[in-house]
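Numbered from 1 within each chain, the chains take letters A, B, ... in sequence-line order.
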Number of protein chains: 2
Amino acid sequence: MPPQSSQLILLIFNFDLSNSCLFSILQQNKGPGVACDFELHVNSWVGCRQSVEFQSSEFNMPSEKSEKAMSPKITGELLRQLRQAMKNCKYFSEPIQAYIIPSGDAHQSEYIAPCDCRREFISGFDGSAGTAIVTEQHAAMWTDGRYFLQASQQMDNNWTLMKMGLKETPSQEDWLISVLPENSKVGVDPWIIAADQWKNMFKALSSAGHSLVAVQDNLIDAVWPDRPERPSTQLRSLGLDYTGISWQDKITALRAKMSERKITWFVATALDEIAWLFNLRGADIEYNPVFFAYTIVGMNTIRFFVDLKRLSNPAVREHLQLDSPSKPELSIQTFPYESVYTELQAICAALGPKDKVWICDKASCALTQVIPKTHRTPIPYTPLCLAKAVKNATEIQGMKMAHIKDAVALCEFFAWLEKEIPKGNVTEISAADKAEELRSQQKDFVGLSFPTISSVGPHGAIIHYRPLPETNRTLTVNEVYLIDSGAQYVDGTTDVTRTMHFGTPSAFEKECFTYVLKGHIAVSAAIFPNGTKGHLLDSFARAALWESGLDYLHGTGHGVGCFLNVHEGPCGISYKTFADEPLEAGMIVSDEPGYYEDGSFGIRLENVVLVVPAKPKYNYRNRGSLTFEPLTLVPIQVKMMNTELLTQKERDWVNEYHRKCREVVGAELERQGRQEALDWLIRESQPII
Amino acid sequence: MPPQSSQLILLIFNFDLSNSCLFSILQQNKGPGVACDFELHVNSWVGCRQSVEFQSSEFNMPSEKSEKAMSPKITGELLRQLRQAMKNCKYFSEPIQAYIIPSGDAHQSEYIAPCDCRREFISGFDGSAGTAIVTEQHAAMWTDGRYFLQASQQMDNNWTLMKMGLKETPSQEDWLISVLPENSKVGVDPWIIAADQWKNMFKALSSAGHSLVAVQDNLIDAVWPDRPERPSTQLRSLGLDYTGISWQDKITALRAKMSERKITWFVATALDEIAWLFNLRGADIEYNPVFFAYTIVGMNTIRFFVDLKRLSNPAVREHLQLDSPSKPELSIQTFPYESVYTELQAICAALGPKDKVWICDKASCALTQVIPKTHRTPIPYTPLCLAKAVKNATEIQGMKMAHIKDAVALCEFFAWLEKEIPKGNVTEISAADKAEELRSQQKDFVGLSFPTISSVGPHGAIIHYRPLPETNRTLTVNEVYLIDSGAQYVDGTTDVTRTMHFGTPSAFEKECFTYVLKGHIAVSAAIFPNGTKGHLLDSFARAALWESGLDYLHGTGHGVGCFLNVHEGPCGISYKTFADEPLEAGMIVSDEPGYYEDGSFGIRLENVVLVVPAKPKYNYRNRGSLTFEPLTLVPIQVKMMNTELLTQKERDWVNEYHRKCREVVGAELERQGRQEALDWLIRESQPII
């Protein structure tokens, strides 16, 4: 799946990229060259601000109007209740004149649970990006070009749509300043807003004589009687055979980092970091095997904040040694999820003058501000984020296994497609369902790792397209088919894109495919020194396209978790110069250049690749070198290649890759007795000349 | 010349990279893998903070001890006087407990005039980077690995050397906090410190209960009786045949930008920007044809601050229309250089509530703070910096002419070397002198654009080496010779590096040279979309070296001025991800990958290249494409190439490049009747197969 940054937009202030409808992306701006730059905050997989180019499409989806439930939500009564709550001193000591409703949860997750879809609830607008602001007189929604039409159709006329990226559209700050009476108070839920964003909004409002105030109770929740419960799914503990390192050893390593930097406390707020730390998984958020929790680690104590009901499971109690800790410093104290605030307050009240507390600078304003400034050490990436990114031998083995199983399912899927498409009854949705069904037959399958992008012809040019009944197209032998899909297995997470033609591709389709392939190989085969950051490799993926005047408007790769989030930080491969961490052996990223011809077809070739040591001829200053090893082992369609455009080196790469697919996946197909898929694999992995 | 960032270091706080001895670089750290990261501020050519890798060399220059005048300066009495001045309420209302002496001038120039070498005066240490701090009891000097030995030899034992990059070395802030009594005042000259640096130091000291205070009179000047005068060289006005645009039109364009952004005043402080704006040149700073001045431009007024004596020249008066302005809004009001502060104060006192003032965020703290915060709009690059970077047709023509003349001189130089080296009496210095002499014979020659790097064998591995009598080596047929040199001509600025062998290069030398050449070609021939930032091209220059486990530890290119500074912003090609501006047609940068084998040889291949439109097969989203056209036209030594390592495309590039050298420079050599050089050129530009 392409890095979020590629397409998803954000915004001066609200930057949650997720909700349950993520990826149903409409591109609605018309006219050539309507491009806008936004400041984007991709929390979970990059975790830092980056400048993102968002290119509106000139192509109008024929079915865009029907893609969503488009009758506007009636919000008059809701807004009246919200405005009453804004004046209610039960929530804040004085009336507030404006209330900001960002999308997002308290953990700054990329995907969020239904109970956290507050902006959608108040406005009806369910796009993946948007910030609502309600004042005494106005209700306004900021969103970007992908959502102008959708938002205007989902919101009633109580709402003003603020079209981001257009010159005449004011920023949230400027708009607030223009509509607010003097000395106004602007409220926001400090749990939903990250510390660094609070700071920016606070400054802008203060300089205009207003104040930004933290309203502890969420005012949307106050007017949302049937708000869904926060999920509290069953926890699954993972043994050493899956994780390679016990949670006890992870705690010890964390404490070593803390003492190296003279840190006395560490506050973990990101859900995937907590899941990784304790070798636990949940299912609280779709596609992401995480669970709602916080953790505070001191040099001798571990405090774990989670719905305590979840800890009645004996296997989990045993796993966490709740009843018989091996050592006192590895004894986990459990607390209700909600008590993290008061516990952190208590910890901070007892801090010595030199005590320092680590917290990610993307953590919520609420928790961050509990820590007195002199004791607070904000960090762009936590030690857990960094440690999680470098997979150990067991995790690598698991990821390899997961990718072999995934390849088995996909080989079978493509063999099935080849047979079924000519019959004319395979659609984008039924194909996606078939791929899921075949994956689910594999051992330790848990679920998909993101909604399948199954797209035919022009839909392929919509980078994060997700088929819906209203848009569903039939696969034919006349159009290019792009499928970007992945799964969660207990031993690993997959994410693979293949672009296929089941008839005869045009010369232009082949040409573009071949440039994309050249870019994919250029990254995959690159040798680079230790210490190189991923963004330095991004241009390798584009050089062949650039030479012909082509390009793609998304990054080239993102970090991938191990039975965790399919997008994770702190590394990636992108033209955006964000503060990514250098690539290290053991990191796992995607390599997925593409080309999108609006209104016609889309091409993307994605493998998940492992960073491994390389051994070139020399070793300058003993720095050592790295390269990539593909974990994804699914043939790349030779029919789509114009092999004349490939160099001998590139042809060798393709042949070696296909040899490995045949060898590794072929053996597993044979073991599983999937003969048709094996035949397909052998046919599709013949050497090219 | 390589980008400064490559080697020059800076420092938390002091970041001037220049003094008259710049480039006499010693690499003195011992032991493998001693690498350090610093925060570097390259003012004039990049103008923003960047992270720079500084790699200490494992190779010890045999002659390093004799490279500098190494008897320490006796500073006891000077320090006593300085400490008295620190207590003297004539300078500041209360005694100050510490005084910071950065290197630098009030314009944040890369190179500085002798009168601005204050850190050298007080300490004796004349390296290009260093910050001195004097307290009542201590005197400490922060410098980096290149200067540890030199600083320790040039400073007496009143001084403590703070070896930056070593773990045990405290930062300036931490050291100050550790040695100062409570509630101390730390003074600094607000003209020498940039606004953004002031901010950082201010914060650090404030949080420890101290204060950073601006001492308007420079305390070094107060104890420097024979301080050189500030240079006030004759101004040279450039006509339209050199500049292409009159200063009047530049003012009009600037005002258009200002009104677009609703800016009422613009304060220009960078010397090259002021020289460019008025189409004037000076010679106040060696190698840089600039002059000390400030300018403040309003929508109807132009205030020019300069030593008024310089304006008695009738040609200059006429050029600036001082006596008969064509229009009132183009009438230049002249003021003494020193009165910029009071004039800016007067302007700011009269600002309307909505008036905004543009100033570069790298401008001095002194001038920046005159502008009230609510009226101040700091910008990373001024509109002059951006406009100056995109050369117009006249400037491009001038740059091309300058490069042809430069190539004539270099062809003659190399032909001469070939003849003279076997006689055994050409040295690094005499070679550099000969190159200068030959350049000086060319029309409109003004001087060198930087000190010539003329280096034999192991000296070539010292990236900014400058030969001195004590280090001077003889050129032989057994060692690689690297010359990086350039000149100022009235029509343009040059900067070219060639690496030659006058006997038989080793296979390893040829192999490395060929990788460097492949990198040079990869950048020079790259096609990339409009809007691409230079740093995205940096990896192209390294790919061939990386593949063999090699690399070079400097950036690949810097902007080049037109009869202005050889290093200028806002574009460049570097692995550091700084906030460079996108490349545009008309911009001029260097393309100079290298390889340095410590103790043995150095290779660098540098052309100055012009960004030009490219016309590839397609034009994705009508963005348009760019590529480079080499302006430097000096043959690249075929003898150093291992042509087997070149692809056919690369061989074609070399042949086409040499064809152009022969055609363009050959014609000029013929016109000038320089037959020997012509013969050399023809021989050196034969096609390779």
Side-chain angles (χ1 to χ4, degrees), chain A residues 32-35 37 51 53 55-58 207 373-374 508 511-512 515 522 525-529 531-533 535-540 542-543 545-553 575-580 595-598 614-627 647 649, chain B residues 32-35 37 51 53 55-58 207 373-374 508 511-512 515 522 525-529 531-533 535-540 542-543 545-553 575-580 595-598 614-627 647 649:
Chain A
V34 184
D37 274 313
S51 166
E53 193 173 353
Q55 189 89 26
S56 310
S57 172
E58 293 158 46
S207 75
K373 223 172 163 182
T374 48
F508 182 56
E511 184 184 358
C512 296
Y515 296 147
I527 294 173
F528 50 91
T532 301
K533 293 182 170 193
H535 67 256
L536 292 173
L537 307 180
D538 184 75
S539 301
F540 290 159
R542 298 177 201 273
L545 286 161
W546 282 357
E547 206 177 322
S548 293
L550 305 177
D551 197 6
Y552 54 96
L553 302 177
Y575 59 98
K576 273 88 64 178
T577 55
F578 46 75
D580 53 341
Y595 176 72
Y596 308 93
E597 181 74 13
D598 282 344
K615 292 264 170 263
K617 195 170 171 189
Y618 303 110
N619 187 9
Y620 180 62
R621 292 184 186 252
N622 292 311
R623 281 201 292 173
S625 291
L626 299 170
T627 188
T647 64
K649 260 187 170 172
Chain B
V34 183
D37 274 313
S51 167
E53 193 172 351
Q55 188 89 28
S56 311
S57 172
E58 293 159 45
S207 75
K373 223 172 163 181
T374 48
F508 182 55
E511 184 185 358
C512 295
Y515 296 147
I527 294 174
F528 49 91
T532 302
K533 293 182 170 195
H535 68 256
L536 292 173
L537 307 180
D538 184 74
S539 301
F540 290 159
R542 298 175 201 273
L545 286 160
W546 282 358
E547 207 177 323
S548 293
L550 306 177
D551 197 6
Y552 55 96
L553 301 177
Y575 59 98
K576 273 89 62 179
T577 56
F578 46 76
D580 54 339
Y595 176 72
Y596 308 93
E597 181 74 14
D598 283 345
K615 292 265 172 263
K617 194 168 171 188
Y618 304 110
N619 186 10
Y620 180 62
R621 290 182 187 254
N622 292 311
R623 280 202 292 173
S625 290
L626 299 170
T627 187
T647 64
K649 260 187 170 171

(request) With a 4.5 Å cut-off on heavy-atom pairs, point out which of A:A543, A:A614, A:P529 contacts chain B the most. (result)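 So the answer, after comparing A:A543, A:A614, A:P529, is A:P529.
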
(request) Find the distance between OH (B:Y575) and CG (B:L553) and round it off to the nearest 0.5 Å. (result)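 Nearest 0.5 Å value for the OH-CG distance: 6.0 Å.
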
Contacting moiety of [X], where chain B heavy atoms sit under 4.5 Å:
X      : result
A:F540 : both
A:S625 : side chain
A:T532 : side chain

(request) Under the side chain to side chain contact (heavy atoms under 4.5 Å, CB included) rule, collect the residues that match up with B:A525, sequence neighbours excluded. (result)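 Here the qualifying residues are B:I521, B:W653.
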
(message) At a heavy-atom distance under 4.5 Å, which candidate from B:L537, B:D551, B:L550 has the highest pair count against chain A?
(response)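 The residue among B:L537, B:D551, B:L550 with the greatest pair count is B:D551.
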
(request) Determine the sole option in A:K615, A:K617, A:K649 for which the salt bridge (Lys or Arg N to Asp or Glu O under 4.0 Å) test with B:E547 is passed. (result)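 When A:K615, A:K617, A:K649 are each tested with B:E547, the salt bridge (Lys or Arg N to Asp or Glu O under 4.0 Å) holds only for A:K649.
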
(request) Identify which one of B:Y595, B:W546, B:Y515 satisfies the ring pair (Phe, Tyr, Trp, His ring centres under 6.0 Å) criterion when paired with A:Y620. (result)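 Of all the options given, the one that passes is B:Y595.
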
(message) Looking only at side-chain N and O atoms, does A:E597 offer a donor or acceptor that is under 3.5 Å from a partner on B:Y618?
(response)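 Their side chains do not contain a donor-acceptor pair, so the 3.5 Å distance test is not met.
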
